[in-house]
S.K.: 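Mind looking over this structure? Questions follow.
Note that these values count all heavy atoms, side chains included, but never hydrogens, waters or copies made by symmetry. Heads up: numbering here begins at 1 and tracks the sequence.
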Amino acid sequence: MKKTVSALVAAATVAASLIAVAPAAKADGGRIAAGVAGGLIGGALLGGAIAASRPAPVYGGYGYAPAPVYVEPACRVVRQRVWDDYRGVWRYRPVEVCD
């Protein structure tokens, strides 16, 4: 959307500049045409350079990413051995243990 609006504004600017130059109807040896062409070319080059640039990455203002940090979870699941009276066997059930 941002590029579309920028393209429409650029096209409107070019059209307005051509309309403003047309009523003058003086050639002046091609100086007006050269100025308009130079302005359009310079604007296109400058606009392309600005559009292609990317902002610098910001990592707290230091210019590099911080080191990764591993955080151990506070709780974990362990297997607890329990006696099953119905079947008459030992079974294991998951139990959450928090330190």
S.K.: Hey, could you give me the CH2/CZ distance between W90 and R81, rounded to the nearest 0.5 Å?
M.R.: 5.0 Å
S.K.: Once rounded to the nearest 0.5 Å, what's the spacing between atom CG of L40 and atom CG of L45?
M.R.: 11.0 Å
S.K.: If I take atom CZ from residue R93 and atom CZ from residue R79, how far apart are they, to the nearest 0.5 angstrom?
M.R.: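 Going from CZ on R93 over to CZ on R79, the span is 13.0 Å.
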